[in-house]
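In what follows, a single structure is set out as structure tokens and then discussed.
Remember, it's 1-based here, ligands and their atoms both numbered in the order they're listed.
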Amino acid sequence: MLVLGIETSCDETGLAVYDSGRGLLAHALHSQVAMHAAYGGVVPELASRDHIRRVVPLAERVLAEAGCTLAQLDGIAYTQGPGLAGALLVGASVANALGFALDVPALGVHHLEGHLLSPLLGEPKPAFPFVALLVSGGHSQLYAVRGVGDYALLGDTLDDAAGEAFDKTAKLLGLPYPGGPALAKLAESGRAGAVSLPRPMVDSGDLNMSFSGLKTAVLTLVRRAPRSAQLDADIAREFEAAVVDVLVTKALAALDATDLRRLVVAGGVGANRTLRARLSAAVRERGGQVFYPDLQFCTDNGAMIALVGALRLHAGAPANYAFTILPRWELATLAAPEAAVVP
Ligand code: KG4
Ligand code: ZN
């Protein structure tokens with residue numbers, strides 16, 4: 001099954017060609033980060049317009065790189081939600097128009113299912129069942145994943161997502177958008193324990209999280225002392241340590257609660273090196289294993305959407321090309337496909 005994947009849910013236009021037998025054949029990404037940086041965050045209308053400009057040339061590029069033609073495609077997969085409505089509409093329109101023209105199915109994919117299954121793009125591939133820690137700009141969630149389409153929500157953030165907390169804290173420290181990677185870089189020159197921040201909800205006894213209080217605590221630190229480059233770096237280091245402590249504690253508790261040994265970490269914050277090092281050590285110590293997507297597939301990309309398309313299109317897809325987008329869409333409401341061929 002040869003699938004073209006289209007991701008346009010936010011500020012990245014991602015295209016990819018995935019084949020069930022041969023794996024990922026080509027992928028390409030255009031990031032709008034530079035365009036939105038001047039505004040300190042994503043401007044939805046600009047995002048949609050840029051997706052329109054990029055999506056067709058990128059599709060042509062990945063098809064050429066994969067050495068295949070439109071006529072060879074068995075289906076098109078696109079991000080149907082959650083995400084920015086205008087941005088989602090671009091991918092959905094192009095995918096359904098292409099599907100109609102080629103007489104192949106166009107399948108709407110859940111963006112978070114893409115993130116969850118993205119470690120299947122690399123080696124070693126995690127076997128089901130596993131616990132997934134999904135940490136992105138919009139989500140901080142723990143799931144028990146028992147198969148394709150079988151996602152039980154174990155825990156969630158009560159307020160800000162982990163990535164959102166990174167971005168907002170970075171802004172408080174005067175770092176450029178997107179804040180997560182910039183804050184992680186600054187943390188490298190910070191001193192451990194020079195300042196102190198809380199570890200929200202580590203003792204809550206459940207698998208929920210909360211990150212908005214941390215941001216407020218950072219604001220208090222920033223206002224209290226005269227600013228210096230060293231203080232900013234110390235705050236960045238302690239903030240990163242606090243988020244990582246919470247995520248590690250909750251992920252281990254989720255493994256205990258489900259009696260599972262495999263942990264998958266997905267979403268943009270999964271690119272954080274401190275988080276990766278701490279999680280790997282902690283899970284290995286208890287005889288388990290952590291799986292990460294390749295760094296390039298941690299953040300938004302078309303490859304994960306093409307992959308989910310290839311997994312789910314085996315079960316068929318509606319072929320009427322009447323589409324809706326789902327800007328708000330709970331992952332746990334997904335159903336398992338009747339037949340999924342897992343790579
Ligand atoms: O998954 P993603 O690309 O987009 C969403 O679906 O949200 O995640 C983006 C988020 C942003 O909040 C960004 O700041 C964060 O991931 N992020 C990081 C790092 N790289 C990206 N946060 C911490 N450390 C990083 N190295
Ligand atoms: Zn994402």
Taking distance alone, no hydrogens or angles, what donor-acceptor pairs closer than 3.5 Å link side-chain atoms of residues 81-89 to residues at least two apart or in another chain?
none

**Study point:** N/O separation below 3.5 Å, Gly268 to ligand 1
**Key:** yes
Study note, to complete from the structure: A student checking ligand 1 against Gly138 at a 4.0 Å heavy-atom cut-off should list atoms 7 (O)
Review point. Can we say Glu113 and Arg312 salt-bridge, meaning some charged N sits less than 4.0 Å from an Asp/Glu carboxylate O?
Key: yes
Exercise for review: Take His30 and Glu12 through the test side-chain hydrogen bond (donor to acceptor under 3.5 Å, both in side chains) and record every step on the way to the result.
Suggested key: CA-CA 6 Å; His30 175 78; Glu12 240 98 53; over 6 Å; no
Point to revise | Heteroatom distance test (His115, ligand 1): nitrogen or oxygen, under 3.5 angstrom | key: yes
**Study point:** N or O pair under 3.5 Å between Gly163 and ligand 1
**Key:** yes
Exercise for review: Specify the protein heavy atom at minimum distance from atom 24 (N) of ligand 1: its residue, its atom name, and the distance to 0.1 Å.
Suggested key: Asn272 ND2, 3.0 Å
Expected list for residues 239-260: side-chain donor-acceptor pairs under 3.5 angstrom, two or more places apart:
{"from": "Glu240", "atom 1": "OE1", "to": "Thr274", "atom 2": "OG1", "distance (Å)": "3.0"}
{"from": "Glu240", "atom 1": "OE2", "to": "Asn272", "atom 2": "ND2", "distance (Å)": "2.8"}
{"from": "Asp245", "atom 1": "OD1", "to": "Arg278", "atom 2": "NH1", "distance (Å)": "2.9"}
{"from": "Asp245", "atom 1": "OD1", "to": "Arg278", "atom 2": "NH2", "distance (Å)": "3.2"}
{"from": "Asp245", "atom 1": "OD2", "to": "Arg199", "atom 2": "NE", "distance (Å)": "2.8"}
{"from": "Asp245", "atom 1": "OD2", "to": "Arg199", "atom 2": "NH2", "distance (Å)": "3.2"}
{"from": "Thr249", "atom 1": "OG1", "to": "Asp245", "atom 2": "O", "distance (Å)": "2.7"}
{"from": "Lys250", "atom 1": "NZ", "to": "Met201", "atom 2": "O", "distance (Å)": "2.7"}
{"from": "Lys250", "atom 1": "NZ", "to": "Ser204", "atom 2": "OG", "distance (Å)": "2.8"}
{"from": "Lys250", "atom 1": "NZ", "to": "Asp206", "atom 2": "O", "distance (Å)": "2.9"}
{"from": "Lys250", "atom 1": "NZ", "to": "Asn208", "atom 2": "O", "distance (Å)": "3.0"}
{"from": "Asp256", "atom 1": "OD1", "to": "Arg286", "atom 2": "NH1", "distance (Å)": "2.7"}
{"from": "Thr258", "atom 1": "OG1", "to": "Ala254", "atom 2": "O", "distance (Å)": "2.7"}
{"from": "Thr258", "atom 1": "OG1", "to": "Leu255", "atom 2": "O", "distance (Å)": "3.3"}

Review point. For ligand 1, which atoms, with element, lie under 4.0 Å from some heavy atom of Thr299?
Key: 3 (O)
Check your understanding: For atom 9 (C) of ligand 1, what's the nearest protein heavy atom and its distance?
Key -> Gly137 N, 3.8 Å
Review point. Tally of protein N/O/S atoms under 2.8 Å from the Zn ion (ligand 2)?
Key: 3
Review point. Going by atom types alone, do Asp160 and Ser212 pair a side-chain donor with an acceptor below 3.5 Å?
Key: no
Review point. Think Arg276 forms a cation-pi with Tyr292, using NZ or CZ under 6.0 Å from the six-ring centre and within 45 degrees of its axis?
Key: yes
**Study point:** Backbone or side-chain N or O of Asp167 under 3.5 Å from ligand 1 N or O
**Key:** yes
Check your understanding: Taking a hydrophobic cluster as the set of Ile, Leu, Val, Met, Phe, Trp and Tyr residues connected by side-chain heavy atoms closer than 4.5 Å, whether directly or through intermediates, do Leu133 and Tyr143 fall within one such cluster?
Key -> no
Exercise for review: Mark the output for Cys10 as yes if a heavy-atom distance to ligand 1 is under 4.0 Å, and as no if none is.
Suggested key: no
Practice item. For ring pair (Phe, Tyr, Trp, His ring centres under 6.0 Å), just list the numbers for His27 and Phe297, CA-CA rounded to whole Å, side-chain angles, deciding distance to a tenth of an Å, and then say yes or no. Key: CA-CA 10 Å; His27 68 99; Phe297 301 133; 4.9 Å; yes
Study note, to complete from the structure: The atoms of ligand 1 lying under 4.0 Å from a heavy atom of His111, numbered in the order shown, are 6 (O)
Check your understanding: Is there a heavy atom in Pro181 that sits closer than 4.0 Å to ligand 1?
Key -> yes
Exercise for review: Report, as yes or no, whether the 6.0 Å neighbourhood of atom NZ on Lys125 holds more than 12 heavy atoms from other residues, nucleotides or ligands.
Suggested key: yes
Check your understanding: Do ligand 1 and Gly180 have nitrogen or oxygen atoms that lie under 3.5 Å from each other?
Key -> yes
Revision key, fill the gap. Contacts of Asp74 meeting salt bridge (Lys or Arg N to Asp or Glu O under 4.0 Å) (sequence neighbours excluded), chain-then-number -> none
Practice item. Before signing off on this row, confirm whether Gly267 and ligand 1 have an N or O atom pair separated by under 3.5 Å. Key: no
Review point. Is the shortest distance from a Lys or Arg side-chain nitrogen in Asp50 or Arg54 to a carboxylate oxygen in the other one below 4.0 Å?
Key: yes
Check your understanding: Do Leu116 and Leu331 touch side chain to side chain, with heavy atoms closer than 4.5 Å?
Key -> yes
